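Structure first, then comments.
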Amino acid sequence: MLAARVAEIAPFHVMEVQTAARALEAAGRSVIHLEIGEPDFPTPQPVLDAAQRAIADGHIHYTSALGLPELRRAIARHYADHYGVEIAPERVIVTAGSSAALLLVLALIVNRDERILLADPGYPCSRHFVRVREGAPTAIPVGPETRYQLTADLVERHWTSDTRGVLVATPSNPTGTTVPGDEMRRIERIVERLGGRLIVDEIYLGLTYGEPPHSALELTDDAFVISSFSKYFSMTGWRLGWTVAPERHVRDLEKLAQNLYISPATPSQRAALACFEPATVEIVERRRREYEARRDFLVPALRALGFGIPVLPTGGFFVYADCSRFAGDSEQFCRDVLQAVGVAITPGIDFGAHRAKQHVRIAYTIHQRKLEDGIERLRVFLS
Ligand SMILES: Cc1ncc(COP(=O)(O)O)c(C=O)c1O
């Protein structure tokens with residue numbers, strides 16, 4: 001007999017796409033991977049060098065549960081340098097990926113059956129994290145009219161006496177859309193007025209195109225702002241992220257981190273110190289421009305094929321596209337496209353229930369030449 005929560009946690013359908021794609025590749029077929037949710041770029045060389053030095057120098061013991069003080073200072077400085085916002089380093093808590101940060105913050109604020117409002121479509125683990133904490137994830141359907149994001153108005157309309165807070169992801173996975181600064185301010189105000197807590201998942205921080213990157217920290221000291229080394233710094237496997245928390249909650253978050261995982265990985269933390277060196281910043285900014293060029297190729301190409309992309313994605317590395325012109329069931333559509341022309345894409349069902357059968361997520365985490373090949377294959381399939 002297993003705990004009830006397990007049954008309520010859905011598997012990643014994208015993994016099934018990946019398994020099927022690998023089986024095709026093993027059988028000698030070529031596959032264009034438009035399903036992968038992590039950077040194709042390697043970790044920047046200065047970070048790799050710093051990791052090797054750290055291990056050679058014996059930095060392999062636990063750190064403080066809050067993270068290395070010098071890394072917490074470096075993250076705080078990053079906000080000052082790039083976002084013009086002064087954060088006390090003591091408010092920065094380094095975590096095992098942003099996943100651990102989300103789990104810590106939810107452990108801090110959610111009681112059994114309390115509701116956390118989230119956007120549908122949205123990153124699936126977020127609602128599962130709420131469930132693992134015995135809370136009640138409450139998905140609010142969102143569409144192009146709100147840039148696939150929650151708004152203050154939606155938050156107010158869905159608020160109930162047992163709602164504890166709101167989790168906003170900007171830029172969003174799967175839609176790549178951001179919450180505009182003035183809307184984030186309205187959300188923050190309404191959540192405060194209703195006596196709730198605001199969590200902002202900024203894991204794609206730094207990866208925005210055609211608009212300057214913003215952090216909710218520019219607007220408030222009272223939100224839990226979560227970020228990661230995974231995406232902008234191409235460090236998914238190092239399992240390192242952070243949260244900037246209101247000062248009064250740091251001690252309790254420390255207590256939780258101590259008990260749940262003791263500390264984030266020490267070699268990863270030492271390596272991450274190199275993320276803020278000019279040489280690394282230059283590398284990751286060059287990559288950001290490359291993602292932007294890929295997006296600028298991909299979105300018009302998909303639109304020309306007949307996919308519906310009513311809102312231009314301005315961040316992350318995903319396009320959320322309406323495929324209802326071609327198929328009534330996006331899961332079947334993904335299977336058919338893979339089998340017929342070897343293009344792997346993710347069905348909408350991974351991101352919620354709202355119009356999921358009409359949508360697919362297409363990732364631009366591959367070289368532009370391969371993107372072009374993928375588009376050509378889709379053209380052949382659709383014609
Ligand atoms: C919106 C969002 N939040 C959080 C995460 C978790 O990432 P990590 O734990 O690697 O920081 C992801 C990963 O894809 C994501 O897309």
Side-chain angles (χ1 to χ4, degrees), residues 65-67 72-73 75-80 82-95 98-111 114-119 122-123 126 129-130 133 135 137-138 140 149-172 178-205 213-228 241-257:
L66 295 170
R72 298 169 70 201
R73 281 198 296 274
I75 292 169
R77 227 175 14 249
H78 181 72
Y79 283 107
H82 295 266
Y83 299 89
V85 51
E86 295 290 335
I87 305 292
E90 294 72 30
R91 291 178 55 205
V92 179
I93 301 167
V94 182
T95 54
S98 67
S99 304
L102 285 162
L103 282 163
L104 277 189
V105 170
L106 292 167
L108 182 82
I109 66 174
V110 177
N111 285 304
E114 282 180 344
R115 303 206 308 157
I116 295 288
L117 309 183
L118 311 120
Y123 178 58
S126 303
F129 289 163
V130 176
R133 294 305 189 217
T138 304
I140 302 178
Q149 288 282 5
L150 294 180
T151 60
D153 185 46
L154 284 170
V155 168
E156 188 166 23
R157 272 197 276 141
H158 287 84
W159 200 272
T160 53
S161 58
D162 53 358
T163 302
R164 187 74 185 101
V166 180
L167 199 163
V168 176
T170 175
S172 139
T178 50
V179 177
D182 51 351
E183 192 60 47
M184 186 63 91
R185 192 180 289 281
R186 280 195 282 274
I187 293 175
E188 184 261 313
R189 287 201 184 127
I190 194 80
V191 173
E192 192 191 342
R193 184 158 68 71
L194 294 164
R197 303 313 307 260
L198 175 62
I199 307 170
V200 187
D201 177 348
E202 297 183 348
I203 179 182
Y204 296 95
L205 186 72
H214 283 293
S215 168
L217 290 169
E218 295 164 45
L219 306 174
T220 175
D221 287 338
D222 210 43
F224 296 91
V225 175
I226 287 170
S227 195
S228 180
W242 70 85
T243 178
V244 181
E247 200 159 345
R248 65 187 183 284
H249 297 308
V250 172
R251 177 66 189 129
D252 286 321
L253 287 167
E254 178 179 22
K255 225 168 51 182
L256 288 165

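Along the sequence shown, the residues carry numbers beginning at 1. Predicted, not measured: the structure shown is a model, and the values here were computed from it.
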Note, Thr178 side chain near Tyr204 side chain (heavy atom, < 4.5 Å): no
Just to verify, what does Ala65 make a side-chain contact (heavy atoms from CB on, under 4.5 Å) with, not counting sequence neighbours? Glu254, Ala257, Gln258
Qualifying residues under salt bridge (Lys or Arg N to Asp or Glu O under 4.0 Å), relative to Asp222, sequence neighbours excluded: Arg197, Arg248
Of Val166, Leu167, Leu219, which meets side-chain contact (heavy atoms from CB on, under 4.5 Å) against Leu198? Val166
List in chain and number order the residues that pass side chain to side chain donor-acceptor pair (under 3.5 Å) with Tyr79, two or more places apart in sequence or in another chain; answer none if no residue qualifies. Trp242
Going by the rule side-chain contact (heavy atoms from CB on, under 4.5 Å), which residues pair with Asn111 if we only count those two or more places apart in sequence or in a different chain? Glu114
Work out which heavy atom in Leu150 is nearest to a heavy atom in Ile187; give both atom names and the distance. O-CD1, 3.6 Å
Of the options Thr243, Leu217, Leu253, which is the one that meets Arg91 in a side-chain contact (heavy atoms from CB on, under 4.5 Å)? Leu217
Are Glu90 and Val250 side-chain neighbours, meaning at least one heavy-atom pair lies under 4.5 Å? no
Go through the structure and list residues passing side chain to side chain donor-acceptor pair (under 3.5 Å) with Glu202, not counting sequence neighbours. Ser215
Can you list the residues that meet the salt bridge (Lys or Arg N to Asp or Glu O under 4.0 Å) rule with Glu247, with sequence neighbours excluded? none
What residues, two or more places apart in sequence or in another chain, satisfy salt bridge (Lys or Arg N to Asp or Glu O under 4.0 Å) together with Arg77? none
Test of understanding: with ring-ring contact (aromatic ring centres under 6.0 Å, His included), list the residues that count as partners of His214, not counting sequence neighbours. none
Should Val200 and Ile226 be marked as a side-chain contact (heavy atoms from CB on, under 4.5 Å) after you check the CA-CA gap, both sets of side-chain angles, and the distance that decides it? CA-CA 6 Å; Val200 187; Ile226 287 170; over 6 Å; no
Pair Trp159-Ile190, side-chain contact (heavy atoms from CB on, under 4.5 Å): steps then yes or no: CA-CA 10 Å; Trp159 200 272; Ile190 194 80; over 6 Å; no
By the definition side-chain contact (heavy atoms from CB on, under 4.5 Å), identify the one residue from Val168, Leu102, Leu118 that meets it with Ile199. Leu102
Closest non-hydrogen contact found for Ala76 with Ile87 is CB-O, 3.4 Å
Who passes side chain to side chain donor-acceptor pair (under 3.5 Å) against His78, sequence neighbours left out? none
Begin from the C-alpha positions of Val155 and Leu117 and carry the test side-chain contact (heavy atoms from CB on, under 4.5 Å) through to its verdict. CA-CA 7 Å; Val155 168; Leu117 309 183; 4.2 Å; yes
Of all residues at least two apart in sequence or in a different chain, which pass the side chain to side chain donor-acceptor pair (under 3.5 Å) check with Thr160? Arg115, Asp162, Thr163
For Arg72, which residues count as a salt bridge (Lys or Arg N to Asp or Glu O under 4.0 Å) partner, sequence neighbours excluded? none
Does Phe129 have any ring-ring contact (aromatic ring centres under 6.0 Å, His included) partners at least two apart in sequence or in another chain, and if so, which? none
